Amino acid sequence: MLLLPPPSLHPFPANLSSNFSPINPIQSPFRSFPQPPRAVNRRRNDDVDAFTKKSGYIFELGTSEADSLIDYDIKRIAAICRRKPLILFRRLFQIGTTFGGWFGARYIDGLAEKSDQMFKIRAADLRKILLELGPAYVKIAQAVSSRADLIPPSYLDELSLLQDRIAPFSSEIAFNTIEQELGLPVDELFSEISPEPTAAASLGQVYQARLRHNGQLVAIKVQRPGVQAAIALDILILRSIAGVVKRAGKFNSDLQAVVDEWASSLFREMDYVKEANNGLKFRKLYGGIQDVLVPEMYMELTTQKVLVMEWVEGQKLSEVKDIYLVEVGVYCSFNQLLEYGFYHADPHPGNLLRTSDGKLAYLDFGMMGEFRQELRDAFIEACLHLVNRDFDSLAKDFVTLGFLPPTADKEAVTKALTGVFQNAVAKGVRNISFGDLLGNLGTTMYKFKFQIPSYFSLVIRSLAVLEGIAISFDPNYKVLGSTYPWIARKVLTDSSPKLKSSLQGLLYKDGVFRIDRLESLLSESLRARTERALVKSRVGQTSSNVAIKQILSFTLTEKGAFVREILLQEVAKGLDALGLATLDSLTSVAITSIPFVASSPSSSLTEEDIMNLRMLRRLMLLLSGLQKNGSSTVEVTGNVAHKNQNTNLEELLPVFYQISSVQEILPVLSVIPELSPELQQQLLLLPADLAGRLISRAAARTIRRMFL
């Protein structure tokens, strides 16, 4: 659904100026808007309500039965269709001959070597075919019409017209529907109304009006007649085809369940009361996000077939090339999918507008999805394990998410996933695209009986549409790369025991702290802002100072308590190792100064101490904002190249003391006054905490050396 800019309003006398067309054919004494120019352009001779013209016989299924299907019930749909088998067979014949004729024409074009010349013509033919077949097929086309990376340009241009430029049905029928549903004459409800729809979609069309009681400009959405009967019949056919395809192609996924999930969402979309309630919930959860606009719903003027909502003026997001609003959409999608689990499952370009004041407006809340908490956590863990190339854990995540059966050979799956995803993630998280991930997955999915859970098709569509819009004007855009910073921030700050356990498992392997992964999470989480906010935050500050302030602010807050605990623990280990190294160094110097004494004292440092010392170096660099791109000048691995600790002890302290210059520490000190009083107070408590940890480590080491 696209709400177009409203026409200008002008005062006029009671007998209607010639500039204003009364609602036709209903002769009404109340004022009306002039017909919007784009509405006129949209009504081309070859498009006039092609669905009713070619498929109107479907309405004979009976309004009393088909239109009473408020909820999706395949058994009831089958029972209705069985009572009128001729309609079912006629529909099957229509679908077969229509698509058969189109594919036949394409085949003949190929034989005649005219495929290129006829490409645009066949694309237009396909759009007309989809319009004739009706809402179910238009919905399928809308789902792929935003993927500029998958659909040829000529087809993309034609399918994009199905987002908002579908031929409207009669306004006389629409106004009668409004009066029947709301129980009052139209002129008693609205002081002004457009004589023609400003937009027409697959399930309904939209009129612009002004409420009589308060003068508010609103959009009136009226359901297309016969739409429930048509969708019910087509879903029955598509579901049967899905069953045949699954058996013939030996697919692992339950294709009929995927159709059922999609059909359920379509039936929910046809109930405008549910849509209005969805809009209210969406506005409550996400309307407060900066630069996101969710229109107000008028529940008292909403029924199953009529919806009245706040008018939104704007342009399609895909037409304005505003990468900032795409980032806003990514952040909003993150909140929908991973924070609250209530998400917009039909965000095609016609439902995403850039308003005149630069906000991202969401429209059409008929098709929504629910993402359960356990699946949200598993999805986050899968993203973490994918980015960090932990394919063994990723295989387990796929079982949790329902992609793999519990009986799958995890070791073999891990090996296969490594081969499939290794190259895709080697480019870095910011360069991972859905195409990279899905490119070589087909064979692996078949071999290990991968399934596509029914819920996941809507989730992927929600993200894929945003990536498709962005790709249309930025071919290098990657929605996963833009979403991962928010995932990283959530993992670092979430209080969920499951995610805390995941973070612990991610940062420690065989008891060894993986500082590279912490660096990656922190650096990615710092990107978890929109570009506009990023620019504002950097005014008058160096990027280093901004990074230092954000790291300190995060680790000192309540949300950063878990990460702060890990950091304090590792810093204490490092300081303890530093104390031992300093003592060894002083002892070595003292012994060397004594004449006739061999200068090869035994070092008290263990390999773990050496690693802790090096880890401290990297932590100090991280906390001082000196790390760049998650890398370090000092490598930290489990293979310590110090076979002779006695001769290399003097090399360790200079490695650490490189950070001790005033120039490097000054940025850390300079941002402390900028912290809030609460954070400064928390910072003052850290030395005492560290001292306690050091004393505990020293006491434990002393006892261990005394008795072991």
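The shown structure was predicted, so the numbers you read here are calculated from the model rather than taken from an experiment.
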Under a 4.5 Å cut-off applied to non-hydrogen side-chain atoms, are [X] and [Y] in contact?
X      : Y      : answer
Val186 : Ile193 : yes
Pro195 : Ser171 : no
Lys221 : Met309 : no
Tyr272 : Lys274 : no
Leu280 : Phe365 : no
Glu269 : Leu203 : yes
Ile487 : Leu338 : yes
Glu296 : Gln216 : no

Please tell me whether Tyr207 and Phe175 form a close aromatic pair, meaning their ring centres lie under 6.0 Å apart.
yes
May I ask you to check whether Tyr340 and Phe371 place their ring centres under 6.0 Å from each other?
no
Does [X] reach the main-chain N or O of [Y] with its side chain, forming a donor-acceptor pair under 3.5 Å?
X      : Y      : result
Trp102 : Arg122 : yes
Ser202 : Val138 : no
Arg268 : Gly366 : no
Gln315 : Thr355 : no
Arg354 : Leu360 : no
Arg224 : Ala200 : no
Ser265 : Trp262 : yes
Gln223 : Met270 : yes

Give the intermediate values and the outcome of side chain to side chain contact (heavy atoms under 4.5 Å, CB included) for residues Leu317 and Leu353.
CA-CA 5 Å; Leu317 182 60; Leu353 301 186; over 6 Å; no
Spacing of [atom1] belonging to [X] relative to [atom2] belonging to [Y], to within rounding of 0.5 Å:
X      : Y      : atom1 : atom2 : result
Asn277 : Glu275 : CG    : CD    : 10.5 Å
Cys332 : Phe282 : SG    : CZ    : 4.5 Å
Asp271 : Leu266 : CG    : CG    : 13.0 Å
Met297 : Leu307 : CE    : CG    : 6.0 Å
Leu325 : Tyr331 : CG    : OH    : 15.0 Å
Ile380 : Asp494 : CD1   : CG    : 7.0 Å

Please report the closest heavy-atom contact between [X] and [Y], naming both atoms and the distance.
X      : Y      : value
Thr302 : Val308 : OG1-N, 3.5 Å
Asp364 : His344 : O-NE2, 2.7 Å
Gly215 : Arg210 : O-NH1, 2.8 Å
Pro185 : Glu179 : CA-OE2, 3.5 Å
Ile173 : Pro225 : CG2-CG, 4.2 Å
Ala361 : Val312 : CB-CG1, 3.7 Å

Any donor-acceptor pair under 3.5 Å linking the side-chain atoms of Asp291 with those of Tyr324?
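Looking only at side-chain atoms, Asp291 and Tyr324 do form a donor-acceptor pair, the distance falling under 3.5 Å.
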In this structure, are over 12 heavy atoms from other groups packed under 6.0 Å from Phe119 atom CZ?
yes
Go through the steps to decide whether Glu370 and Tyr343 satisfy the test side chain to side chain contact (heavy atoms under 4.5 Å, CB included), and finish with yes or no.
CA-CA 7 Å; Glu370 297 276 355; Tyr343 62 95; 5.7 Å; no
Salt bridge (charged side-chain N to carboxylate O under 4.0 Å, His left out) evaluation trace for Lys490 with Glu339
CA-CA 9 Å; Lys490 181 172 178 61; Glu339 285 289 346; 3.5 Å; yes
Between Asn335 and Leu285, does the side chain to side chain contact (heavy atoms under 4.5 Å, CB included) criterion hold? Intermediate values first, please.
CA-CA 9 Å; Asn335 277 273; Leu285 292 177; over 6 Å; no
Can you check side chain to side chain contact (heavy atoms under 4.5 Å, CB included) on Tyr362 and Asn351, steps first, answer last?
CA-CA 6 Å; Tyr362 281 82; Asn351 291 336; over 6 Å; no
